Amino acid sequence: MKAHSYEKAFLGAAIVVLLACMGALGFATFVHGIHLPGIAGRIDPAMVRTTPPFDQPGVQRIGDNAYRAVLIASAWSFNPPEIRVPAGAEITFTVTSTDLLHGFNIEGTRLNMMLVPGQISENRYTFREPGEYTIICHEYCGLGHHTMFGRIIVTEPDVEPPASGD
Ligand code: CUA
């Protein structure tokens, strides 16, 4: 069977695209060093609730105007379901899943993570305005997916430092 010239052209284009994609992948991997999270970001999904920092989910102060929010996702809720953080502070979200693939998107912000069992997802965000924000699970995770959300109460700047005893 004889290939038509346009078939050859498409075949050629496909090979060029394939080589370009492999080149881009190689460039990202070896020049920019982009790769999957290392062992430091891994966790045994069966041991989440007893592995720090997930043994104490919630908000902790970690520095001057800096907080860490530790949350656990499992079908079909976030623990804790509601957190309070001050506006203007840098919040480090440290989140993982105990069971399925979940999503972690704070509505109206750029904060958007995938929660993979066995991986710790981390990202930082600073809320400029006090108010109420909704955390949405935006990865389909089964029957209760549409009911899976959490709440972030962003308070006035610095009204909520945890009691520090000094
Ligand atoms: Cu969890 Cu969708």
Side-chain angles (χ1 to χ4, degrees), residues 17-18 21-22 24-25 27-29 32-63 65-163:
V17 168
L18 191 65
C21 289
M22 285 170 69
L25 187 66
F27 188 75
T29 306
H32 288 300
I34 296 169
H35 50 75
L36 288 172
I39 196 81
R42 296 205 186 134
I43 187 169
D44 180 348
M47 307 285 282
V48 167
R49 289 183 176 86
T50 53
T51 305
F54 298 101
D55 55 341
Q56 287 181 303
V59 178
Q60 303 146 8
R61 188 172 200 166
I62 55 170
N65 215 20
Y67 295 80
R68 180 186 300 281
V70 175
L71 290 103
I72 301 170
S74 48
W76 289 284
S77 62
F78 293 99
N79 176 30
E82 181 181 301
I83 60 167
R84 298 172 81 85
V85 293
E90 185 183 73
I91 316 298
T92 301
F93 288 92
T94 304
V95 195
T96 193
S97 163
T98 61
D99 44 23
L100 309 159
L101 187 66
H102 294 286
F104 190 93
N105 173 231
I106 302 175
E107 201 175 24
T109 75
R110 59 147 182 82
L111 200 132
N112 183 332
M113 301 192 287
M114 203 183 241
L115 308 177
V116 183
Q119 295 277 353
I120 297 170
S121 299
E122 204 161 80
N123 212 332
R124 279 179 279 279
Y125 192 75
T126 298
F127 296 92
R128 295 291 162 204
E129 298 294 329
E132 249 184 65
Y133 296 78
T134 304
I135 304 167
I136 299 164
C137 174
H138 62 315
E139 294 284 346
Y140 181 71
C141 57
L143 278 181
H145 164 70
H146 63 288
T147 67
M148 185 166 173
F149 61 90
R151 197 177 308 281
I152 302 173
I153 312 286
V154 178
T155 58
E156 294 296 327
D158 276 330
V159 295
E160 272 283 299

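Sequence positions, counted from 1, serve as the residue numbers for this chain. Counting starts at 1 for both ligands and their atoms, in listed order. What you see is a predicted model, and the numbers here were worked out from it, not measured in a lab.
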H145 atom ND1 and C141 atom SG as seen from atom 2 (Cu) of ligand 1, angle to 10 degrees: 120°
Report yes if the side chains of E139 and L100 come closer than 4.5 Å at any heavy-atom pair, otherwise no. no
Min side-chain heavy-atom separation N123-F104 under 4.5 Å: no
To 10 degrees, how wide is the angle SG (C137) to atom 1 (Cu) of ligand 1 to SD (M148)? 110°
In E139, what N, O or S atom is nearest to atom 2 (Cu) of ligand 1, if we give its atom name? O
Does the side chain of I83 come within less than 4.5 Å of F78's, by heavy atoms? no
Quick one: report the N, O or S atom of H102 that is nearest to atom 1 (Cu) of ligand 1. ND1
Given side-chain hydrogen bond (donor to acceptor under 3.5 Å, both in side chains), test T94 with R68 step by step and report yes or no. CA-CA 7 Å; T94 304; R68 180 186 300 281; 2.7 Å; yes
